[in-house]
Amino acid sequence: MDESYPYRVEVTAHAGELQERFSALLAGAGSGEVVTVAGRVMLRREMGKLAFLTMVEWTGSLQLFAAAQWTDRFAELKKLSLGDWVAASGEVVRTKTGELSVRVASWELLAKARRSFGDKWHGIADTDTRYRQRYADMWANPRSREALLTRSRAVSATRRFLEGRGFVEVETPVFQVVPGGATARPFVTHHNALDMDLYLRIALELHLKRLVVGGMEKVFEIGRVFRNEGLSPRHNPEFTMLELYQAYADYHDMMALTEELVAHVAREVTGGTRLDCAGRALEVAPPWERATMLDLVAEHTNVELSLDMPLGELRSKAKSLEVPVEEPWGPGKLVLEIYEKTTEPHLWGPVFVMDYPKEVSPLARDHRSKPGFVERFEPVVAGRELGNAFSELTDPDEQRANFEAQAKLRVAGDEEAMDLDEDYVRALEYGLPPTGGLGIGVDRLAMLLSGSEAIREVIAFPSLRKEAGPIS
RNA sequence: GGGGGCGUAGGUCAGUGGUAGACCGGCAGACUUUUAAUCUGCGCGCCGGGAGUUCGAUCCUCCCCGCCCCUACCA
């Protein structure tokens, strides 16, 4: 029966373009222009010898205006189900009641919708159905398609922004022998021919910095990374990361780049820099606030912290702030935990949280004037960490020492501690110039721009448990 | 992984210890300017699954499954 459907349609016009082009067409008037449009019938109003169908396609919606008097196979047209794909040809007109329409002379059924798209007013509310059957969700809930489109535009605008500044886009391996560049548990897979286990990358970092060693002075990758961790409204096991590295730059340059990038993308995607997140306004135009972690903690808790304090004092301060403490933690980890538990949840931003303890930042370079700290920041926007950046550690000996310290943590049971990547140290031995690096969670950025509260809204096919039972 | 909530028709939801309803969709019909069109008719359902309590369970109890939220790790 499939051969009864056409293989091809010569579509000559789209709803969005027609709505714009004929915005001045008067009610009751014809345009004299004959077009062929195609899309899905999503609403149907039939009145005897007249019928009005709301056809929806990618660029917008358009009314099909049919009548027994001028439409081929009118009786058949009236029998279309909501969701059927059609192509229709006829004059562009505006009806008496002011709706831009194609006055259908001829039409074709392109595909039948054997399943319906849910409630035409409420859409599909069940999140499981929405995420598993995104193809249905996109029709039932226009917000879903908008969020995905926003994401696409954001990625595109990001690429143009970086290319405009001379960055080169590259692709680095997903399979890695030593997963590095972040502290996270990896997914493991196995290569049969080589008979070895491989890890799916948890970050892009180490390969991109190798490329800087190789001479790519401005390099970036937008790529999928994989972390074997829990799911939440803000976490998906596979997610998209933008990482960029710029030779001769430091973390101050990365702050400037971050705020300009986000503001640029916001303008390109939403038309402005004032965003609405969960009903709360957010201005992302530069300059963003810059504050050190310790100052922010002091501001939010009235507790002054210092890495020079005796460990016992830091522990007792943590306990007084109701921050749970674990035995092996050093002062740096304690400070970070105190920040994350007491202060970060209250930040809205945009704010650059600067100067992290060295102890928790094995890939970042020592702060040029604050012992025990590194030149690292995380941008917090709309209360969420948007990324992570630093003046990159360039010294191979120090890098090796940091890896070895991580190895000790791993032996002590920290499954997220980094492995020693010998080849990366070797690359540093060839010489990494001063370099600024920045990572941005692309999904988080898309959430920001689309006003989404859940990461699954901006991932077309989010990770889900295997569908239970037979598909019905 | 721990704590809480939810699961009724294709969709959105209501409801009761006596095996079930509304609206939308679908099907059949009326209607020449509709905008979630309207009007008439039709229920299309193992009330998530299993066990128990009961004369009787969709409703009460327990277990399981699934989803959501909070929490933990993180971007």
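Below, chain A is the first sequence line, B the second, and so on; all start at residue 1. As the structure is a computational prediction, the values presented were derived from the model and not from experiment.
Of the candidates B/U33, B/G10, B/U32, the closest approach to any side-chain atom of A/K96 belongs to B/U33. Checked against B/U35, B/G10, B/A37, the side chain of A/M47 finds its nearest nucleotide in B/A37. Set against B/U12, B/U33, B/A37, the side chain of A/H122 has B/U12 as its closest nucleotide. When distances run from any side-chain atom of A/L82 to the nucleotides B/U35, B/G26, B/U33, the shortest one goes to B/G26.
Going from atom CZ of A/R94 over to atom P of B/U34 covers 15 Å, rounded to whole Å. The nearest whole Å value for the distance from the CG atom in A/D137 to the P atom in B/G10 is 19 Å. The interatomic distance linking A/I124 (CD1) with B/A9 (P) rounds to 14 Å, in whole Å. For the pair A/E378 CD and B/C73 C1', the computed distance is 13 Å after rounding to whole Å. B/C23 atom C1' lies 13 Å from atom CH2 of A/W121, rounded to whole Å. When the P atom of B/C27 is taken as reference, atom NZ of A/K112 falls 7 Å away, rounded to whole Å. Computed from coordinates, the A/R44 CZ to B/U33 P distance equals 18 Å when rounded to whole Å. A/K49 has its NZ atom 5 Å from the P atom of B/U32, to the nearest Å.
Closest of all the heavy-atom pairs between A/E57 and A/H14 is OE2-CA, 3.2 Å. Of all the heavy atoms in A/R160 and A/E268, the pair that sits closest is NH2-OE1, 3.0 Å. Contact record, A/W107 with A/D72: NE1-O, 2.8 Å, taken as the closest heavy-atom pair. Across all non-hydrogen atoms, the minimal contact from A/G48 to A/K78 is O-NZ, 2.9 Å. The heavy-atom pair separating A/L445 from A/L386 by the smallest distance is N-CD1, 3.7 Å.
If you run salt bridge (charged side-chain N to carboxylate O under 4.0 Å, His left out) between A/K209 and each of A/E392, A/E243, A/E221, only A/E392 comes through. The side-chain contact (heavy atoms from CB on, under 4.5 Å) test with A/T270 singles out one residue from A/D276, A/L275, A/V284, and that residue is A/L275.
Going from the C1' atom of B/G11 to that of B/A36 covers 14 Å, rounded to whole Å. Atom C1' of B/G50 sits at a distance of 27 Å from the matching atom of B/A14, rounded to the whole Å. Comparing B/U34 with B/C27, their P atoms are spaced 24 Å from each other, to the whole Å. Comparing the P positions of B/C69 and B/G25 gives a spacing of 31 Å, expressed to the nearest Å. One C1' atom belongs to B/A22, the other to B/A9, and the distance between them is 11 Å to the nearest Å. The gap from the C1' atom of B/U8 to that of B/C67 amounts to 16 Å, rounded to the nearest Å. Distance noted for atom C1' between B/C47 and B/G18: 15 Å (whole Å). Comparing the C1' positions of B/U19 and B/G45 gives a spacing of 11 Å, expressed to the nearest Å.
Using a 4.0 Å heavy-atom criterion, one finds that A/F65 contacts the bases of the nucleic acid, with or without backbone contacts as well. Using a 4.0 Å heavy-atom cutoff across all strands shown, A/T129 reaches no nucleic acid atom at all. Backbone-only engagement by A/E385 is indicated by non-hydrogen atom pairs under 4.0 Å involving sugar-phosphate atoms exclusively. A/G48 comes within 4.0 angstrom of a base, heavy atoms only. Nucleic acid contact class of A/N236 (heavy atoms, under 4.0 Å, all strands): base. A/A125 comes within 4.0 angstrom of the backbone, heavy atoms only, and of no base.
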Chi angles and distances behind the ring-ring contact (aromatic ring centres under 6.0 Å, His included) call for A/F390, A/Y251: CA-CA 5 Å; A/F390 18 95; A/Y251 80 146; 9.5 Å; no
Test salt bridge (Lys or Arg N to Asp or Glu O under 4.0 Å) applied to A/E259 and A/R290, step by step: CA-CA 11 Å; A/E259 61 193 3; A/R290 286 150 168 79; 3.1 Å; yes
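Pairs of Watson-Crick or G-U wobble type, with distances under 3.5 Å, assemble into runs of 3 or more in RNA chain B at these ranges: B:1-7 with B:65-71, B:10-13 with B:21-24, B:26-30 with B:38-42, B:48-52 with B:60-64.
Note on A/K120: a side-chain N or O is less than 4.0 Å away from OP1 or OP2 of B/G25. OP1 or OP2 of B/A37 sits under 4.0 Å from a side-chain N or O of A/R45.
Of the two residues contacting RNA chain B, namely A/G123 and A/T95, the nearest-nucleotide position lying further toward the 5' end is that of A/G123. Nearest-nucleotide assignment on RNA chain B puts the 5′-proximal partner with A/D119, out of A/D119 and A/K333.
Geometric assessment of A/R376 against the ring of A/Y356 yields a positive cation-pi assignment under the 6.0 Å and 45° thresholds.
Donor-acceptor pairing under 3.5 Å, judged by distance alone, is present between the side chain of A/T97 and the base of B/U34. Between the side chain of A/E46 and the base of B/U34, no donor-acceptor pair of N or O atoms lies under 3.5 Å.
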Give me the distances for all protein-to-nucleotides 67-72 of chain B N/O pairs that come in under 3.5 Å?
residue, atom, partner, partner atom, Å
B/C67, OP1, A/R132, NH2, 3.3
B/C67, OP2, A/R465, NE, 2.7
B/C67, O2', A/T127, OG1, 3.4
B/C68, OP1, A/R456, NH1, 2.1

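Rounding to the nearest 0.5 angstrom, the gap separating the OG1 atom in A/T435 from the CD atom in A/Q246 is 9.0 Å.
A/R130 contributes no side-chain N or O that, together with a main-chain N or O of A/E457, makes up a donor-acceptor pair within less than 3.5 Å.
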